[in-house]
*Asks:* 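Before I ask anything, let me first share the structure, which is written out below as structure tokens.
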There are 2 protein chains.
Amino acid sequence: MPAEDTRSRLVAHATNLFHREGFHAVGVDRLAADLGISKKTLYKQFRSKDELLTEVLDRCGDMAVQDFPDESDDASPRERLLGVFDAQRAYCEAPEFSGCFFVNIATEFRDPSHPAVRQACFHKSQLHGYVRRQADIAGAHDSESLAEQLVVLHTGAADYALLTGRYPATIRQAVEALLDVHGIH
Amino acid sequence: MPAEDTRSRLVAHATNLFHREGFHAVGVDRLAADLGISKKTLYKQFRSKDELLTEVLDRCGDMAVQDFPDESDDASPRERLLGVFDAQRAYCEAPEFSGCFFVNIATEFRDPSHPAVRQACFHKSQLHGYVRRQADIAGAHDSESLAEQLVVLHTGAADYALLTGRYPATIRQAVEALLDVHGIH
DNA sequence: CACCGAGGAAACAGATCTGTTTCCAGTGTG
DNA sequence: CACACTGGAAACAGATCTGTTTCCTCGGTG
């Protein structure tokens, strides 16, 4: 098997396990065994487990943004913003859902200077920017506040789904109420 | 020093450290050393580190409810519900704030049957019940939905404060919008 | 066939944790 | 003083992790 395949299979599997069980809970022995390779091979691809995590975080950061509705389609800003939460709902209702990956990893590494925590902040800021752009297009009078409010709702909804096992059904109503208040129709 | 003092000092200190750095990141050696006692004494008070965590969680569960505005005072339900977020704001802006303790610990123990995770759910359900009671008193037409929405906002606000280092200033406006929608004036 | 390199299996080193045990110093009491 | 008890310091056992190394097997190539 080509080395690149081994590398990407490692990143993919590590993403799953780190997300579902946590970075510290998953040992490199298990990662290697699951993929039918030896630790020797793993450490030839990545200098350390931390380097593997960095690659995992980079990959997830890229993927998360793709879940936002395409800004070049012909939907209205309101529809796009509601679409963010529809996409999140689908994400949270998947059987393997286990919380926001970035928040989970950031909780494990409390140190704010750790790359994992910084990546989590960056992801939130990407959502923030997306909301602001949509709100500005729609002529909202305070897109900054709306963005903050929707980011809070977005984060809270994932937590709620994780703790209760059910995505909060009334989120959509709450989002619509906030969009109405900010004049986005 | 009386044994009871040692016990409660242990619980208090463990609460701080488990909250700020995580359960697994804080060893019993350090806990004992910080308090100037030996591990022997610690293990005479608690059979295991897990038993200490159980006591910590019980104590925090009791304390968290006390942060909700007293239901027997003469404030209106709307004022009480806004007061929940004012109290949270003060909590999040304290220098030692490091996220919702229950969510943090629950994230460490992914197993939903673990007492820590159950305690986290219980705490959220207590907030849910509080909101519902206030909403029902105020004659809301759908107190269940409002409770869900405010719990999501509440959880998300703590996450936001943890990740960004700043409590979301526009939460109050969002809460007021939702209260308005549900007919609570 | 002879050789060589890639990679698996597993031992190993070193660190770090929980929980136990040993030893000893200090203290209160007869 | 003699004795018993408390609790600190530290060694220890056993587990678990990361990362390294050793040994061996197997497949490709001259």
Side-chain angles (χ1 to χ4, degrees), chain A residues 1-57 104-111 114-117, chain B residues 1-58 104-111 113-117:
Chain A
M1 178 179 328
E4 269 315 305
D5 284 11
T6 302
R7 192 177 175 87
S8 59
R9 283 177 64 215
L10 264 170
V11 172
H13 192 56
T15 302
N16 273 326
L17 290 188
F18 290 170
H19 187 180
R20 303 228 302 260
E21 305 182 23
F23 178 72
H24 292 114
V26 176
V28 289
D29 293 82
R30 180 174 161 203
L31 271 174
D34 283 358
L35 267 65
I37 65 174
S38 67
K39 282 205 291 180
K40 195 182 185 178
T41 306
L42 185 154
Y43 277 105
K44 196 156 76 177
Q45 294 296 326
F46 302 94
R47 266 175 301 178
S48 67
K49 193 186 174 190
D50 264 290
E51 188 176 297
L52 172 57
L53 174 61
T54 299
E55 198 127 332
V56 164
L57 288 169
N104 289 353
I105 294 290
T107 303
E108 270 191 89
F109 300 90
R110 302 293 169 88
D111 175 11
H114 192 284
V117 179
Chain B
M1 178 179 326
E4 269 315 305
D5 283 9
T6 302
R7 193 177 175 88
S8 59
R9 283 177 63 213
L10 265 169
V11 172
H13 192 56
T15 302
N16 273 326
L17 291 187
F18 290 169
H19 187 180
R20 304 228 300 261
E21 305 183 22
F23 178 72
H24 292 115
V26 177
V28 289
D29 292 81
R30 179 175 163 204
L31 271 174
D34 283 357
L35 268 66
I37 64 174
S38 67
K39 283 205 291 179
K40 195 182 187 179
T41 307
L42 186 154
Y43 278 105
K44 197 157 76 176
Q45 294 295 326
F46 302 95
R47 266 175 302 179
S48 67
K49 192 185 174 190
D50 263 291
E51 189 176 296
L52 172 58
L53 175 61
T54 300
E55 197 128 331
V56 165
L57 288 168
D58 284 346
N104 288 354
I105 294 290
T107 303
E108 270 191 88
F109 300 90
R110 302 294 168 89
D111 176 10
S113 66
H114 193 284
V117 180

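Every chain is numbered from 1, with letters handed out A, B, ... down the list of sequences.
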*Asks:* Taking the nucleotide of DNA chain D with the nearest heavy atom to each, does B/K44 or A/R47 sit closer to the 5' end?
*Replies:* B/K44

*Asks:* Just say parallel, tilted or perpendicular for the rings of A/F109 and A/H114, cut-offs at 30° and 60°.
*Replies:* parallel

*Asks:* I need the minimum non-hydrogen distance between A/K49 and A/Y43, along with the two atoms involved.
*Replies:* N-CE2, 4.4 Å

*Asks:* Please figure out whether A/G36 or B/V28 has its closest DNA chain C nucleotide nearer the 5' end.
*Replies:* A/G36

*Asks:* Is it the case that the base of C/dG19 and the side chain of B/K49 share a donor-acceptor contact (distance under 3.5 Å, atom types as modelled)?
*Replies:* no

*Asks:* Write down the distance between OH (B/Y43) and P (C/dG19), rounded to a whole number of angstrom.
*Replies:* 4 Å

*Asks:* Taking the side chain from A/E55 and the backbone from A/V11, do they hold a donor-acceptor pair closer than 3.5 Å?
*Replies:* no

*Asks:* Between P on D/dT18 and CD on A/Q45, what's the gap in Å once rounded to a whole number?
*Replies:* 18 Å

*Asks:* Looking at D/dG7, D/dT18, C/dT20, which one has an atom nearest to any side-chain atom of B/T41?
*Replies:* D/dG7

*Asks:* Without decimals, in angstroms, what is the distance between B/H24 NE2 and C/dA15 C1'?
*Replies:* 17 Å

*Asks:* When the distance from CG of B/D34 to C1' of D/dG8 is rounded to whole Å, what number comes out?
*Replies:* 16 Å

*Asks:* Checking side-chain contact (heavy atoms from CB on, under 4.5 Å) for the pair B/L10/B/I37: CA distance, chi angles, key distance, verdict?
*Replies:* CA-CA 10 Å; B/L10 265 169; B/I37 64 174; 4.0 Å; yes

*Asks:* Take the protein atom CG of A/L52 and the nucleotide atom P of D/dT18, then report the distance between them rounded to whole Å.
*Replies:* 11 Å

*Asks:* When you check the phosphate oxygens OP1 and OP2 of C/dT18, does a side-chain N or O of B/S48 lie under 4.0 Å from one of them?
*Replies:* no

*Asks:* Measure the distance from CG on A/L31 to P on D/dG19 and round it to the nearest whole Å.
*Replies:* 12 Å

*Asks:* Side chain of B/K40 only, please: which of D/dA9, C/dG7, C/dG19 is the nearest?
*Replies:* D/dA9

*Asks:* Of A/I37 and B/K39, whose nearest nucleotide on DNA chain C comes first from the 5' end?
*Replies:* A/I37

*Asks:* Looking at C/dA10, I'd like to know if its phosphate oxygens (OP1 or OP2) sit under 4.0 Å from a side-chain N or O belonging to A/S38.
*Replies:* no

